[in-house]
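Below is one structure, written out as structure tokens, with a few remarks after it.
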2 protein chains.
Amino acid sequence: MSFPKDPSFRNDLRQRGYRLTPQRERILRYFAEIPVGTHLSAEELYQRLLEEEKISLATAYRTLKLLASMGLLRELDFAEGHKHYELNTNQESPHQHIICTSCGLTIEFLGGKLFETGQQIARKYEFEIIDVQFKIFGLCPACQPPPKKR
Amino acid sequence: MSFPKDPSFRNDLRQRGYRLTPQRERILRYFAEIPVGTHLSAEELYQRLLEEEKISLATAYRTLKLLASMGLLRELDFAEGHKHYELNTNQESPHQHIICTSCGLTIEFLGGKLFETGQQIARKYEFEIIDVQFKIFGLCPACQPPPKKR
DNA sequence: GTGCTTGCAAATGCTTTGCAGGGTG
DNA sequence: CACCCTGCAAAGCATTTGCAAGCAC
């Protein structure tokens with residue numbers, strides 16, 4: 001995709017009655033410029049954008065949510081208390097995650113046929129699919145055996 | 001499993017240096033008594049237990065987290081802003097969920113070979129597996145097409 | 001010009017934590 | 001009888017929201 005002039009992005013916004021603002025363009029472009037699979041929290045995004053020109057944290061939250069609802073971003077929840085977002089590349093098999101519940105380490109791996117499996121199930125229940133997430137929670141090598149207390 | 005005298009529960013606690021308290025027993029037993037797959041938030045659990053004898057909300061949160069870390073409960077996150085918990089039946093193929101991001105409807109379905117797939121991946125990365133979660137986010141029939149605004 | 005958006009700050013909502021008293025092992 | 005737990009209330013965080021001003025269309 002080419003940002004910020006990606007036509008589909010503009011059309012997507014218009015078709016839903018939303019406006020193309022510098023902030024929205026900026027945020028989507030930022031995700032397109034960083035390595036694929038980089039996932040950021042609203043706060044992290046806000047901090048990184050501060051270096052150039054400021055976008056309020058509230059707008060960051062609003063925009064992330066909007067872009068995710070449009071399917072342009074993937075909203076990820078690693079059960080850490082805050083959400084993460086990454087560019088949704090719309091590929092047939094998005095990568096998935098294995099997360100260490102002790103130290104928070106997350107590793108991504110290729111989804112293989114998982115997305116296809118999800119599509120079949122979604123079809124069965126007549127859902128219009130937005131995202132398929134396969135998550136493995138566990139303890140990474142460094143965190144085994146688990147500490148007695150946390 | 002038989003509660004509240006399930007020996008493995010008691011042993012699990014002891015082995016980790018935790019104590020067997022009426023509150024912990026009560027909460028785990030409650031999950032064992034309700035239909036399989038019923039998932040409750042801390043607040044919901046708290047409300048339901050109020051009818052009998054009160055357990056503080058703080059204890060509910062602490063206990064849910066503890067039991068989940070022990071693998072007795074599954075911690076579920078449907079990206080709604082609060083976590084849900086359900087009894088972990090330790091079966092080879094736990095059920096999974098399809099969630100409507102618009103109205104919150106969640107339907108569970110059998111995991112099939114998804115858990116096995118997760119195990120293979122966990123082995124590859126040398127993770128000690130705690131849970132495998134496959135989630136499909138989408139719009140249920142009633143919520144299609146999406147409203148222009150929320 | 002209309003009305004969606006932004007920024008700011010206050011508010012909200014879920015979850016965690018400090019502390020003193022209580023109960024388990 | 002040491003130390004883990006609980007209950008309570010206060011604190012902590014991520015996220016949302018009210019409102020006035022700004023900007024896209």
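In what follows, chains are A, B, ... by sequence order, proteins preceding strands, each numbered from 1.
With distances taken from any side-chain atom of A/Thr21 to the nucleotides C/dT6, C/dG18, D/dC23, the minimum falls on C/dT6. Listed nucleotides C/dC14, C/dG25, C/dT6 differ in distance to B/His82; the shortest reach to its side chain belongs to C/dC14. Relative to the side chain of A/Ala58, the nucleotides C/dT6, D/dG7, C/dC8 differ in distance, and C/dC8 lies closest. For A/Arg62, counting side-chain heavy atoms from C-beta on, the closest listed nucleotide (D/dA14, C/dT15, D/dG18) is D/dG18. Of the candidate nucleotides D/dG7, C/dT15, D/dT16, C/dT15 has the atom lying nearest to any side-chain atom of B/Ala42. Relative to the side chain of B/Arg19, the nucleotides D/dC5, D/dT6, C/dT5 differ in distance, and D/dC5 lies closest.
Rounded to whole Å, the distance from CD1 on A/Ile55 to C1' on D/dC23 is 15 Å. Rounded to an integer number of Å, the gap from A/Tyr18 OH to C/dG3 P is 17 Å. In this entry the distance linking CG of A/Asn11 with C1' of D/dC25 reads 15 Å, nearest Å. Regarding A/Gln23, its CD atom lies at a distance of 8 Å from the C1' atom of C/dT5, rounded to whole Å. Rounded to an integer number of Å, the gap from CD of B/Glu43 to P of C/dT12 is 16 Å. As rounded to whole Å, 12 Å separates atom P of D/dA9 from atom CG of B/Leu57. The interatomic distance linking B/Glu80 (CD) with C/dC14 (P) rounds to 11 Å, in whole Å. Between A/Lys54 atom NZ and C/dT5 atom P there is a gap of 21 Å when expressed in whole angstrom units.
Applying the 4.0 Å criterion to OP1 and OP2 of C/dT15, one finds that B/Tyr61 has a side-chain N or O inside that range. Taking side-chain N and O atoms only, A/Thr59 has a distance below 4.0 Å to OP1 or OP2 of C/dG7.
A donor-acceptor contact shorter than 3.5 Å is absent between the side chain of A/Thr38 and the backbone of A/Ile34. A donor-acceptor contact shorter than 3.5 Å is absent between the side chain of B/Glu126 and the backbone of A/Pro141. At least one donor-acceptor pair under 3.5 Å links the side chain of B/Thr63 to the backbone N or O of B/Thr59.
Side-chain contact between B/Glu75 and A/Phe137 is absent, with no heavy atoms from C-beta onward closer than 4.5 Å.
Along DNA chain C, the nucleotide nearest A/Leu66 and the nucleotide nearest A/Tyr46 are compared for position; the residue whose nucleotide lies closer to the 5' end is A/Leu66.
Using a cut-off of 4.0 Å between Lys/Arg side-chain N and Asp/Glu carboxylate O, B/Arg48 and B/Glu44 are scored as not salt-bridged. Between B/Arg26 and B/Glu52 there is a salt bridge, since at least one side-chain N of the basic residue sits less than 4.0 Å from a carboxylate O of the acidic one.
Across its full length, the helix from C/dG1-D/dC25 to C/dG25-D/dC1 shows an angle of 50° between the axes of its 5 terminal pairs at either end, rounded to 10 degrees.
Under the side chain to side chain donor-acceptor pair (under 3.5 Å) rule, A/Arg74 has a single partner from A/Glu86, A/Gln133, A/His84, which is A/Glu86.
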